[in-house]
Amino acid sequence: MQLQQYIIQQTQLSSKSIENTISLLNEDATIPFISRYRKEMTGNLDEIQIGEIVKFKETFEALEKRKKSILKALEEQHVLSPELENKINNSNDLIALEDLYLPFKKKRKTKAETARLQGLEPLAKMMMSQRVNDLEYTASKYTSNQVETVKNALEGARFIIAEWINERTDIRNNIRYQLERFAQISSKVIKTKKDDEKAQKFKDYFDWSESLNRIPSHRFLAILRAEKEGFIRVKIEIDTERALQKMEDRIIRSQNECSEQIQLAIKDAFKRLLFPSLSNETLSTAKEKADEAAILVFSKNLKQLLLGAPLGEKRVLAIDPGFRSGCKIVCLNEQGDLEHNETIFPHAPQNQSFDAIKKISSLAEAHKIEAIAIGNGTASRETEQLIKKIQFKNQVDVFVVSEAGASIYSASKIARDEFPNYDVTVRGAVSIGRRLQDPLAELVKIDAKSIGVGQYQHDVDQTKLKKSLDNTVESCVNTIGVNINTASESLLSYVSGIGPKLAENIVNYRNENGSFSSRTAIKKVPRLGGKAYEQAAGFLRIKNAKNPLDDSAVHPESYAIVDKMAKDINKKVADLIGNSTLIQKINLQNYCTETIGLPTLKDIVKELEKPGVDPREKARVFSFDKNIKTISDLRVGQLLPGIVNNITNFGCFVDIGIKESGLIHVSNLSDTFVKDVNTIVALQQQIVAKVLEVDVVRKRIQLALVK
């Protein structure tokens with residue numbers, strides 16, 4: 001089967017769309033570039049559809065690579081028949097491929113191999129023929145110094161038969177089917193760990209049983225984590241009698257001494273070879289599916305967080321709050337540059353609140369502060385209450401900002417390079433302030449796993465997780481676009497076609513030569529060739545450029561078309577920008593070519609109407625209930641303002657202004673069945689929640705969403 005045919009089977013997308021997308025991918029085009037600027041070639045595929053093509057392309061290529069490896073191994077063993085070669089070449093599934101190779105795989109010394117070396121394979125073949133009547137007499141012919149008794153001969157022959165049974169594809173597939181449909185997963189606590197304090201969070205799984213094909217991904221991953229940490233034992237079971245009967249029905253064709261021996265061999269094959277191997281395979285497949293589900297949740301959450309509402313280019317005073325060590329204050333200008341930093345001690349044990357209020361008030365006036373960002377960690381609520389006592393001369397909005405991952409950033413090489421002369425506390429406070437100004441630009445500097453918006457992120461396949469999260473960051477960065485004259489190296493590295501090395505070159509060039517005045521000037525960056533420029537240019541923005549299209553998502557390759565549009569109505573390109581009346585006069589059909597059709601032209605017109613407009617919402621001021629400071633202040637029935645800070649398959653977690661987040665279980669999100677939590681709430685959404693249950697000992701809070 002060819003690559004294109006394989007992807008059509010998996011995705012049901014059109015042949016032409018797949019063919020052209022593969023061609024673009026082979027030319028190193030990125031997913032954002034293809035989905036945005038090659039719509040005519042792909043049939044208007046979106047990033048998700050192109051991502052599916054990429055995924056199945058990689059799967060197919062891995063399958064083909066494995067086929068070549070197996071065929072080479074079989075040729076070297078001189079066992080490759082035309083029939084077997086044909087079966088291997090036509091295999092479209094890695095499991096089926098490995099089953100074909102299994103009988104020829106080089107094995108470590110097995111019981112069956114020992115029996116063969118003892119000359120017992122002819123006896124095994126006779127037994128499998130099920131035609132031998134005097135089996136004991138026949139077996140006696142195979143006794144020797146190595147095989148001392150008839151009993152030993154029969155046992156050795158059964159080992160060989162068991163291996164043959166284990167290698168039968170139809171038998172393996174039947175047991176796979178039973179495991180897939182009917183397997184039960186159960187867990188039992190290890191008695192010596194029952195009272196372990198760390199084990200208590202897994203208490204629900206001390207005696208648990210559930211259908212494997214129905215277990216939710218988060219519960220499956222929790223059970224595997226509890227097993228990994230040594231608190232429980234996990235077991236997979238199916239109806240053994242039923243499985244054995246199915247095997248016997250396929251193998252036994254007589255009722256004699258041979259069939260009795262084969263029956264014993266079937267039991268041995270199932271218990272010793274088939275079930276251990278296939279139950280592990282089933283668990284591994286279930287783990288892969290659970291990983292995919294968890295990674296999808298993480299990616300969705302990360303996307304929502306990265307595309308969170310920015311405050312924009314405002315002057316910000318940011319505070320990293322603390323008690324004994326004080327509150328670190330930084331003042332940032334509109335571009336997020338550090339102008340001032342110092343530490344105040346408004347809380348216990350120093351209690352210098354009067355001096356702190358005076359200092360913040362004077363800094364706000366001196367630096368023309370428009371907003372204050374307070375980290376949501378230790379002493380956050382106390383600091384927020386202090387700030388709200390201050391009578392500022394001008395309006396200053398107060399925001400509480402998530403600190404998740406800030407400590408990771410402040411100790412990172414990126415932070416050290418940005419602020420070599422400042423300690424981690426200053427860097428952390430700067431990050432808090434910049435997150436308010438532009439969450440995307442700041443969060444790309446942090447390893448996505450450290451941001452804390454996933455479930456079981458340390459338990460899933462780390463390679464797949466990183467790839468998915470990197471793709472998510474890349475998608476978000478290119479959806480918004482990047483100001484090349486202010487963007488950090490980290491942000492630029494995610495722009496289509498650029499990467500870390502070119503991002504470094506861009507920043508170095510910018511530092512040496514000043515701001516870029518046009519998109520064409522980008523070509524002067526060392527090692528930024530034509531291909532990289534083609535991939536990146538449409539996602540890079542030049543503010544106040546001579547050509548207004550340089551601050552839009554219109555690709556330079558389409559500038560000539562826009563020029564023609566303007567010329568045809570006797571206007572300049574600048575006259576079209578934001579002028580819906582003029583734009584509506586343009587007949588797009590007049591500008592269709594062999595390579596550019598209506599999808600691209602409609603995108604161009606949309607950009608002309610609102611060039612470079614940020615699609616994200618604007619940041620909104622929010623306040624927690626001032627009476628709730630610890631979990632002990634909660635009472636059943638209270639209605640509390642909160643912010644959704646994590647979304648999982650089983651519900652969402654809500655920050656209600658205390659150390660512990662509350663859980664709104666999926667069943668408490670709506671009066672109707674909820675298939676996808678993301679259809680009800682979004683990350684960072686401001687909501688009102690009702691307290692349903694408070695477990696102070698286990699530090700668990702159950703909430704319900706209030707409409």
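Small disclaimer: the values here were computed from a predicted structure and weren't measured.
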Participant: Report yes if some heavy atom in the side chain of Cys652 is under 4.5 Å from a heavy atom in the side chain of Asn646; otherwise report no.
Facilitator: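 They are not in contact (no side-chain heavy atoms under 4.5 Å apart), so the answer is no.
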
Participant: Give the intermediate values and the outcome of side-chain contact (heavy atoms from CB on, under 4.5 Å) for residues Val398 and Ile374.
Facilitator: CA-CA 8 Å; Val398 180; Ile374 304 168; 3.7 Å; yes

Participant: Which pair of non-hydrogen atoms, one from Ile680 and one from Val674, has the smallest distance, and what is that distance?
Facilitator: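 Shortest heavy-atom separation between Ile680 and Val674 comes out as CG1-CG1, 3.8 Å.
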
Participant: What verdict does the side-chain contact (heavy atoms from CB on, under 4.5 Å) test give for Leu634 and Leu640, after you've listed the backbone C-alpha separation in whole Å, the side-chain angles of each residue and the deciding distance to 0.1 Å?
Facilitator: CA-CA 10 Å; Leu634 297 178; Leu640 302 173; 3.6 Å; yes

Participant: Is it true that a side-chain atom of Asn341 and a backbone atom of Ile329 form a donor plus acceptor pair closer than 3.5 Å?
Facilitator: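 Not confirmed, Asn341 side chain does not pair with Ile329 backbone.
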
Participant: Under a 3.5 Å distance rule, please check whether Ser493 uses its side chain to pair with a backbone N or O of Ser490 as donor and acceptor.
Facilitator: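 Yes: the side chain of Ser493 pairs with the backbone of Ser490.
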
Participant: Once ring-ring contact (aromatic ring centres under 6.0 Å, His included) is applied, do any residues pair with Phe653, and if so which ones, sequence neighbours excluded?
Facilitator: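 ring-ring contact (aromatic ring centres under 6.0 Å, His included) check on Phe653 returns nothing, list empty.
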
Participant: How long is the span from the CG atom in Asp417 to the CD atom in Glu504, to the nearest 0.5 Å?
Facilitator: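 Result: 9.5 Å between the selected atoms.
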
Participant: Just to verify, what does Glu442 make a side-chain contact (heavy atoms from CB on, under 4.5 Å) with, not counting sequence neighbours?
Facilitator: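 Glu442 satisfies side-chain contact (heavy atoms from CB on, under 4.5 Å) with Tyr409, Ser431, Arg434, Arg435, Lys445 only.
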
Participant: Does Leu683 offer a backbone N or O that forms a donor-acceptor pair with the side chain of Gln304 under 3.5 Å?
Facilitator: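 Present.
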
Participant: Is a salt bridge present between Arg315 and Glu339, judged by a nitrogen-to-oxygen distance below 4.0 Å?
Facilitator: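 Salt bridge: yes.
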
Participant: For atom CD of Glu342, is the number of surrounding heavy atoms from other residues, nucleotides or ligands below 6.0 Å larger than 12?
Facilitator: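 Yes, CD of Glu342 has more than 12 neighbouring heavy atoms, counting only those of other groups under 6.0 Å.
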
Participant: Taking ring-ring contact (aromatic ring centres under 6.0 Å, His included) as the definition, give me every residue that meets it alongside Tyr533, ordered by chain and number, with sequence neighbours left out.
Facilitator: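 Testing Tyr533 for ring-ring contact (aromatic ring centres under 6.0 Å, His included), a comparison that skips the adjacent residues, returns none.
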
Participant: Applying ring-ring contact (aromatic ring centres under 6.0 Å, His included), which residue pairs with at least one partner in residues 363-391 are found, sequence neighbours left out?
Facilitator: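 For residues 363-391, and leaving out neighbouring residues, the ring-ring contact (aromatic ring centres under 6.0 Å, His included) pairs sorted by first residue read His340-His367.
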
Participant: Could you measure the distance from the NZ atom of Lys699 to the NZ atom of Lys201? Nearest 0.5 Å is fine.
Facilitator: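 Here the rounded value is 14.0 Å.
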
Participant: Just by distance, do the side chain of Gln535 and the backbone of Thr30 share a donor-acceptor pair under 3.5 Å?
Facilitator: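 The answer is yes, because a donor-acceptor pair under 3.5 Å joins these two groups.
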
Participant: Any ion pair linking Lys393 and Glu365 (charged N to carboxylate O, less than 4.0 Å)?
Facilitator: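 The answer is yes: the pair qualifies as a salt bridge.
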
Participant: Tell me every residue that passes side-chain contact (heavy atoms from CB on, under 4.5 Å) with Val396, counting only those two or more places apart in sequence or in another chain.
Facilitator: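 Applying side-chain contact (heavy atoms from CB on, under 4.5 Å) to Val396 gives Ile369, Ile372, Phe392.
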
Participant: Please name all residues satisfying side-chain hydrogen bond (donor to acceptor under 3.5 Å, both in side chains) with Thr520, sequence neighbours left out, ordered by chain then number.
Facilitator: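 For Thr520, the residues satisfying side-chain hydrogen bond (donor to acceptor under 3.5 Å, both in side chains) (neighbours in sequence not counted) are Ser518.
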
Participant: Could you tell me whether the side chain of Asn351 and the main chain of Ala348 form a donor-acceptor pair under 3.5 Å?
Facilitator: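 Side chain of Asn351 to backbone of Ala348: a pair is present.
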
Participant: Does one side chain, of His347 or Ser353, offer a donor that lies under 3.5 Å from an acceptor on the other?
Facilitator: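 Result is no, nothing qualifies.
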
Participant: Distance from Lys501 atom NZ to Ile498 atom CD1, nearest 0.5 Å?
Facilitator: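 Nearest 0.5 Å value for the NZ-CD1 distance: 14.0 Å.
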
Participant: Test of understanding: with side-chain hydrogen bond (donor to acceptor under 3.5 Å, both in side chains), list the residues that count as partners of Ser475, not counting sequence neighbours.
Facilitator: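 side-chain hydrogen bond (donor to acceptor under 3.5 Å, both in side chains) check on Ser475 returns Glu47.
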
Participant: Is it the case that Ser496 and Asn478 place a side-chain donor and acceptor less than 3.5 Å from each other?
Facilitator: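 Distance-only check fails for Ser496 and Asn478.
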
Participant: Evaluate side-chain contact (heavy atoms from CB on, under 4.5 Å) for Ser380 paired with Val400, printing each intermediate quantity in order.
Facilitator: CA-CA 8 Å; Ser380 174; Val400 176; 3.9 Å; yes

Participant: Indicate the atoms forming the closest heavy-atom contact of Arg519 with Asp550, along with that distance.
Facilitator: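 What the structure gives for the nearest pair is N-OD2, 3.2 Å.
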
Participant: Using 0.5 Å steps for rounding, measure from the OG atom of Ser299 to the CG atom of Asp470.
Facilitator: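 Answer rounded to 0.5 Å: 10.0 Å.
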
Participant: Just jot down the ring-ring contact (aromatic ring centres under 6.0 Å, His included) partners of Phe650, sequence neighbours excluded, or say none.
Facilitator: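 With sequence neighbours excluded, Phe650 shows a ring-ring contact (aromatic ring centres under 6.0 Å, His included) to His218, given in chain and number order.
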
Participant: Carefully, step by step, assess Phe345 and Phe323 under the rule ring pair (Phe, Tyr, Trp, His ring centres under 6.0 Å).
Facilitator: CA-CA 7 Å; Phe345 299 89; Phe323 288 114; over 10 Å; no

Participant: Please answer whether the main-chain N or O of Ile31 pairs with a side-chain N or O of Ser35 as donor and acceptor at a distance below 3.5 Å.
Facilitator: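 Confirmed, Ser35 side chain pairs with Ile31 backbone.
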
Participant: Are side-chain heavy atoms of Leu540 and Ile522 found at a separation under 4.5 Å?
Facilitator: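 Result yes, sub-4.5 Å side-chain heavy-atom pair found.
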
Participant: Salt bridge or not between Glu384 and Arg381? Use side-chain N to carboxylate O under 4.0 Å.
Facilitator: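 Salt bridge flag = yes for Arg381 with Glu384.
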
Participant: Is the closest side-chain heavy-atom distance between Pro321 and Thr378 below 4.5 Å?
Facilitator: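 Answer no - side chains too far apart.
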
Participant: Do the side chains of Glu693 and Ile701 get nearer than 4.5 Å, heavy atoms only?
Facilitator: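 With C-beta onward as the side chain, the pair stays apart.
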
Participant: Going by atom types only, do Ser623 and Lys388 share a side-chain donor-acceptor pair under 3.5 Å?
Facilitator: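 Yes, Lys388 and Ser623 have a side-chain donor paired with an acceptor closer than 3.5 Å.
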
Participant: Starting at CG of Leu386, measure out to CD1 of Ile360 and round the result to the nearest 0.5 Å.
Facilitator: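 So the CG of Leu386 and the CD1 of Ile360 are separated by 5.5 Å.
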
Participant: I want to check something: taking the side chain as every heavy atom from C-beta on, are Asn645 and Ser402 in contact at a cut-off of under 4.5 Å?
Facilitator: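 Side-chain contact under 4.5 Å: no.
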
Participant: Between the side chains of Asn627 and Asp633, is a donor N or O closer than 3.5 angstrom to an acceptor N or O?
Facilitator: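 Judged by distance alone, the side chains do not pair up.
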
Participant: Please identify which of these residues, Ile687, Val654, Val644, meets the side chain to side chain contact (heavy atoms under 4.5 Å, CB included) condition with Leu705.
Facilitator: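 When side chain to side chain contact (heavy atoms under 4.5 Å, CB included) is applied between Leu705 and each of Ile687, Val654, Val644, only Ile687 qualifies.
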
Participant: Please give me the minimum heavy-atom distance between Asn678 and Ile647, naming the atom from each residue.
Facilitator: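 In terms of heavy atoms, the two residues are closest at OD1-CD1, 3.7 Å.
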
Participant: With sequence neighbours excluded, tell me which residues meet side-chain hydrogen bond (donor to acceptor under 3.5 Å, both in side chains) with Asp397.
Facilitator: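 Checked Asp397 against side-chain hydrogen bond (donor to acceptor under 3.5 Å, both in side chains); matches are Gln395.
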
Participant: Between the main-chain N or O of Tyr509 and the side-chain N or O of Glu512, is there a donor-acceptor pair closer than 3.5 Å?
Facilitator: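 No; judged by distance alone, with no hydrogens or angles, the pair does not exist.
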
Participant: Can the ring centroids of Phe539 and Phe33 be said to lie less than 6.0 angstrom from one another?
Facilitator: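 Ring centres of Phe33 and Phe539 not closer than 6.0 Å.
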
Participant: What residues, two or more places apart in sequence or in another chain, satisfy side-chain hydrogen bond (donor to acceptor under 3.5 Å, both in side chains) together with Lys467?
Facilitator: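 Listed in chain order: Glu58.
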
Participant: Roughly how far, to the nearest 0.5 Å, is the CG atom of Leu608 from the CG atom of Leu549?
Facilitator: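 Spacing of CG (Leu549) from CG (Leu608) equals 6.5 Å.
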
Participant: Less than 4.0 Å between a side-chain N and a carboxylate O, is that true for Asp355 and Lys359?
Facilitator: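 Salt bridge between Lys359 and Asp355, a charged N being under 4.0 Å from a carboxylate O: no.
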
Participant: Would you please name every residue forming a side-chain contact (heavy atoms from CB on, under 4.5 Å) with Ala293, sequence neighbours left out?
Facilitator: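 Here the qualifying residues are Ser217, Asn649.
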
Participant: How would you list, by chain and number, every residue that makes a side-chain contact (heavy atoms from CB on, under 4.5 Å) with Lys303, sequence neighbours excluded?
Facilitator: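 Per chain and number, Lys303 pairs via side-chain contact (heavy atoms from CB on, under 4.5 Å) with Leu307, Thr472, Cys476.
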
Participant: Could you tell me whether a side-chain N or O of Asn505 sits under 3.5 Å from a main-chain N or O of Pro526, the two making a donor and an acceptor?
Facilitator: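 Yes; at least one donor-acceptor contact below 3.5 Å.
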
Participant: State, to 0.1 Å, how close Ile319 and Cys327 come at their nearest heavy-atom pair, and which atoms those are.
Facilitator: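 Of all heavy-atom pairs spanning Ile319 and Cys327, the closest is CG2-CB, 3.8 Å.
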
Participant: Closer than 3.5 angstrom, by distance alone: can the side chain of Arg541 be matched with the main-chain N or O of Gly538 as a donor-acceptor pair?
Facilitator: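 The answer is yes, because a donor-acceptor pair under 3.5 Å joins these two groups.
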
Participant: Counting N and O atoms only, with roles assigned by atom type, does the side chain of Glu474 sit under 3.5 Å from a partner on the main chain of Asn471, one being a donor and the other an acceptor?
Facilitator: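 Checking the backbone N and O of Asn471 against the side chain of Glu474, no donor-acceptor pair under 3.5 Å is found.
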
Participant: Could you tell me which non-hydrogen atom of Gln437 sits nearest to which non-hydrogen atom of Gly336, and how far apart they are?
Facilitator: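 Of all heavy-atom pairs spanning Gln437 and Gly336, the closest is OE1-CA, 3.3 Å.
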
